[in-house]
Amino acid sequence: MKGMDLHDEISSQYALSPQDSGRLKSIIQTHHALGTAAAAPNMCTSLIARRIGAPAHAVWPLVHDFASRQRYKHFIKSCHMREGDGGVGSVRDVVVISGLPASTSVERLEVLEDERGVLSFRVIGGDHRLHDYRSVTSVNEVTTIEEERKVVTLVLESYVVQIPQGNTCEDAKLFADTIVKLNLQKLEEVVMAPLNKEKMKEDKHDGDEKC
């Protein structure tokens, strides 16, 4: 799907304001158009969106933390830094949980922009099927224009990956999309758990005061 078509689809699906829709278009064009690699015949690309009912400052710290095992990554068993301290250029060794067609991954952090909420890493080694894999994640605070206007976070994650020999682009996307979607689902659960707990406390307190 072309970037513009995807931008329109996301803006409509998540009921974004015109201002946020325009900003989203710029974000997709700047950070999620993965360059000439995506146009190569042996590569495929995809972009996944996930809406999280929390402000960006509650989401970004979990995405930002490249130096330690990311709590929302389903399939990471362990992680330690090979080079660097978590800044751009750092390299981490990841051990993958059993059951996947992979065992290890070596990943280099290529972009980390705190002000814009953007992180990108590239897989540079390991034992897995995601060859020439590069991922970009952006954390975007937006305001919905539904009946009840809400400040939420729209997380976009795009990737480009080499199509394994004997597979089609759709085969490669099915595998990678599934992992990304499960990770973003887990990210939402981790972000929302303490917020929901705090809301329950507040509701209980309000209920006690009315008694």
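All of these numbers come straight from a predicted model, not from anything done at the bench.
- With hydrogens and angles disregarded, a donor-acceptor distance shorter than 3.5 Å links the side chain of Thr153 to the backbone of Ala56.
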Under the side-chain contact (heavy atoms from CB on, under 4.5 Å) rule, what do Val136 and Leu47 come out as? Steps first, then yes or no, please. CA-CA 9 Å; Val136 180; Leu47 191 153; over 6 Å; no
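- Under the 3.5 Å distance criterion, with hydrogens and angles disregarded, no donor-acceptor pair is assigned to the side chains of Ser11 and Asp8.
- Two residues are said to be in side-chain contact when any heavy atoms from C-beta on lie closer than 4.5 Å; Val139 and Leu156 fail this criterion.
- Considering only heavy atoms from C-beta on, Ser103 stays 4.5 Å or farther from Val95 through its side chain.
- Distance alone, capped at 3.5 Å, places no donor-acceptor pair between the Ser26 side chain and the Arg23 backbone.
- At least one donor-acceptor pair closer than 3.5 Å links the side chain of Asn196 to the backbone N or O of Met192.
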Stepwise side-chain contact (heavy atoms from CB on, under 4.5 Å) check, Tyr14 with Val152: CA-CA 10 Å; Tyr14 294 102; Val152 300; over 6 Å; no
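- Here the straight-line distance linking atom NE2 of His31 with atom CG of Leu119 works out to 11.5 Å at 0.5 Å rounding.
- Residues Thr137 and Val118 are not in side-chain contact: their nearest non-hydrogen atoms beyond the backbone lie 4.5 Å or more apart.
- Here Leu187 contributes atom CG and Ile52 contributes atom CD1; the two are 4.0 Å apart, rounded to the nearest 0.5 Å.
- The structure places CD1 of Ile124 at 12.0 Å from CG of Asp132, a figure rounded to the nearest 0.5 Å.
- Listed for the Asp171 side chain is a donor-acceptor partner under 3.5 Å among the backbone atoms of Thr168.
- Between the side chains of Arg129 and Asn167, at least one donor N or O sits under 3.5 Å from an acceptor N or O.
- Listed here is the closest heavy atom pair of Ala67 and Gly86: CB-CA, 3.8 Å.
- Tyr159 and Asp177 share a side-chain donor-acceptor pair at under 3.5 Å.
- No continuous path of hydrophobic side-chain contacts links Met81 to Val106 [ILVMFWY only; heavy atoms under 4.5 Å].
- Within the structure, the salt bridge (charged side-chain N to carboxylate O under 4.0 Å, His left out) test picks out the following pairs touching residues 92-111 (sequence neighbours left out): Arg82-Asp93, Arg92-Glu107, Arg108-Glu110, Glu110-Arg122.
- Sequence neighbours left out, the pairs with a member in residues 41-51 that pass salt bridge (charged side-chain N to carboxylate O under 4.0 Å, His left out) are Arg50-Glu188, Arg51-Glu146.
- Atom CG in Leu109 sits 8.5 Å away from atom NE2 in His64 (nearest 0.5 Å).
- Of all non-hydrogen atoms in His74 and Asn183, the two that sit nearest each other are N-OD1, 2.9 Å.
- Minimum interatomic distance between Asp20 and Glu141 (heavy atoms only, all atoms of both residues): OD1-O, 4.3 Å.
- Heavy atoms only, all atoms of each residue included: Cys79 and Val94 are closest at SG-CG2, 4.3 Å.
- By the rule that hydrophobic residues join a cluster once side-chain heavy atoms approach within less than 4.5 Å of another member, Ile10 and Val151 end up as members of separate clusters.
- Between the side chain of His57 and the main chain of Ala54, no donor-acceptor pair closer than 3.5 Å is present.
- Within the 4.5 Å cutoff, no side-chain heavy atoms of Phe121 are placed close to those of Val111.
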If you apply the rule side-chain contact (heavy atoms from CB on, under 4.5 Å), what do you find for Ser17 with Val142, and how did you get there? CA-CA 8 Å; Ser17 67; Val142 298; over 6 Å; no
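- In this structure, Tyr133 is not a member of the same hydrophobic cluster as Val91, with clusters built from ILVMFWY side-chain heavy atoms closer than 4.5 Å.
- The CG atom of Asp85 sits 11.5 Å away from atom CZ of Phe66, with the distance rounded to the nearest 0.5 Å.
- Residue Lys186 places its NZ atom among 12 or fewer non-hydrogen atoms of other residues, nucleotides or ligands, all under 6.0 Å distant.
- Transitive grouping of hydrophobic side chains (ILVMFWY, heavy atoms separated by less than 4.5 Å) keeps Leu174 and Ile163 in distinct clusters.
- Asn140 contributes a side-chain N or O that, together with a main-chain N or O of Leu154, makes up a donor-acceptor pair within less than 3.5 Å.
- For the residue pair Thr104 / Asp127, no side-chain donor-acceptor distance below 3.5 Å is found, with atom types taken as modelled.
- Side-chain contact between Gln185 and Tyr72: absent, with no pair of heavy atoms (C-beta onward) separated by less than 4.5 Å.
- Annotation: the span from Glu170 atom CD to Cys44 atom SG amounts to 8.0 Å, rounded to 0.5 Å.
- Between Ser21 and Leu16, the closest heavy-atom pair is N-CB, 4.3 Å.
- Contact between Ser105 and Val123 at its shortest, heavy atoms only, is OG-CG1, 3.7 Å.
- Counting only N and O atoms by type, the side chains of Ser138 and His32 include a donor and acceptor under 3.5 Å apart.
- Ile48 and Leu62 fall within a single hydrophobic cluster, where Ile, Leu, Val, Met, Phe, Trp and Tyr are joined by side-chain heavy atoms under 4.5 Å apart, directly or via other members.
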Before you tell me yes or no, could you show the steps for Ile76 and Val96 under side-chain contact (heavy atoms from CB on, under 4.5 Å), namely the whole-Å CA-CA distance, both residues' side-chain angles and the distance that decides it to 0.1 Å? CA-CA 5 Å; Ile76 294 180; Val96 181; over 6 Å; no
